[in-house]
Amino acid sequence: MSSYLIDVSNFLLRWLHVIAAIAWIGESIYFVMLDNGLKKPKAEEDRQKGVFGEMWAVHGGGFYHNQKYATAPDKLPDDLHWSFWKAYTTWLSGFALFIILYMANPSFYLVNPNSPWEWAANLSGWQANVVALLFLLGGWVVYNEMCKRLSPNMERDGLLSVGVAVMMVLVAYLSVHIFSGRAAFLLTGAVMATAMSANVFFWIIPGQRRMVKAMKAGETPNPLDGKRGKQRSVHNTYFTLPVVLLMISNHYSFAYTNDWAWVIMTLLIFAGAVIRQYFVLMHSGQHKPAYPVAGVVLILAAFAVGSPALAPATSSAPAQAGGDTASQESGTLASDAVPASPLAQVHAIMQTRCVQCHAAQPAHAGFSAPPAGVVLETEAQVEQQQASIQQVVASGYMPLGNLTQMTDDERATIATWGN
Ligand code: HEC
């Protein structure tokens, strides 16, 4: 029952999370488009009023006339529309999902038993939770300090962008080395997403509040508040595509079960940012096809790195070297008289190492339904899933946390099945 409740909360939170994120990112993309698409106001009286740019638009059968003021209108209306709940809801629902999906089961989902770093491979569950939280917090602290130190007056934003890019490569590298594949992708996305929400919470909204307060008091608002809000909101724009990509990458094990997962992740992050750049420029009337081309090249490079064709041969291949005698040596899987077919051997391994979880009705208490919808009970089911079984086993991702203690020989049997 409790795992059923977790499933249901997962379902509802994910729904909320995706809807809030669509609303937030949609609005943010809309305002970047609006800002970049503004034209000089046509009417003299608008210019007199301090209007700096305007946009006419048609949408949903109506005509809209947006105007942006250079600093502020003479009189600010009381019913100003603010945007922040979408950002906060996205972060809060995402963090809640992270708690019920990852932090509730950290030794399965966070710990990377294959980490080249011994301390990381040996983290206990609660330690992994603490490290994950520090990772998110640390990401924000480093990013925020970088913004404050590298470009405090928004005069060195180019240098700052380079700094943020370098930081993301480092985050990708560290997360893949510390956390299990899926969690690493998710946490890298979450570092950016946390920076985005924290930008809204700690800088953009407070800055806007100070500006509004000053205007209402008849004072001139501090222009740095406006510029800083813009700086952070520009960062948010370039984070959006990479974040969404990393959040959905969870479904694609080729990306995160690869030895070069951090390179794949980095290439995809940069691809997202340069593709976004194309649209940012497009809204200001510039068409620079070099950006989408660069994005596509980066994506192709990521796919090339992830390609099974480029993966090094499985190191455990020698188990097959014995040829005919291999099955007799391992003894347990095949009878002496009739050597079992490779499929039958693999099926037998699934029976001992996988069906506790991957059954229509899993015996494992943590699951009320087969995880990822993968059922491995019959030979036909096993055969149908060959490619994904080989991939998740070769990468060490399955059996999850090697809970069922699969042996290297068994991994070798699966790796060479069908070759
Ligand atoms: C302790 C429970 C457990 C065991 C044992 C286990 N799995 Fe999984 N498996 C999971 C969970 C949970 C997921 C879903 C995780 C995810 O979405 O990445 C999963 C996902 C998968 C997927 C889908 C991966 C994807 O990205 O779509 C495959 C394929 C798979 N397992 C194969 C296996 C094989 C083969 C074995 C045995 C060698 C095995 N699993 C053993 C829990 C388990």
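Just follow the structure's listing: the first ligand is 1, and inside any ligand the first atom is 1. In this chain, residues are counted from 1 in sequence order.
- In this structure the side chain of Leu267 never reaches within 4.5 angstrom of the side chain of Phe303, judged on heavy atoms.
- For residues 95-112, the set of pairs meeting the side-chain hydrogen bond (donor to acceptor under 3.5 Å, both in side chains) definition, not counting sequence neighbours, comprises Tyr102-Arg182.
- For a heavy-atom separation below 4.0 Å, the residues in contact with ligand 1 are Phe108, Tyr109, Arg182, Ser253, Tyr256, Met350, Arg353, Cys354, Cys357, His358, Phe367, Pro371, Ala372, Val374, Leu376, Ser388, Ile389, Val392, Val393, Tyr397, Met398, Pro399, Leu400, Leu403, Thr404, Met406.
- Note on ring orientation: taking the six-membered ring where Trp is involved, the planes of Tyr256 and Phe185 are perpendicular (angle over 60°, cut-offs 30° and 60°).
- Once rounded to the nearest 0.5 Å, the distance linking CD of Glu54 with CG of Leu38 reads 8.5 Å.
- For Pro221, the side-chain contact (heavy atoms from CB on, under 4.5 Å) test picks out Met211, Ala214, Met215, with sequence neighbours left out.
- By the side-chain contact (heavy atoms from CB on, under 4.5 Å) test, Ser197 pairs with Trp24, Trp91, sequence neighbours left out.
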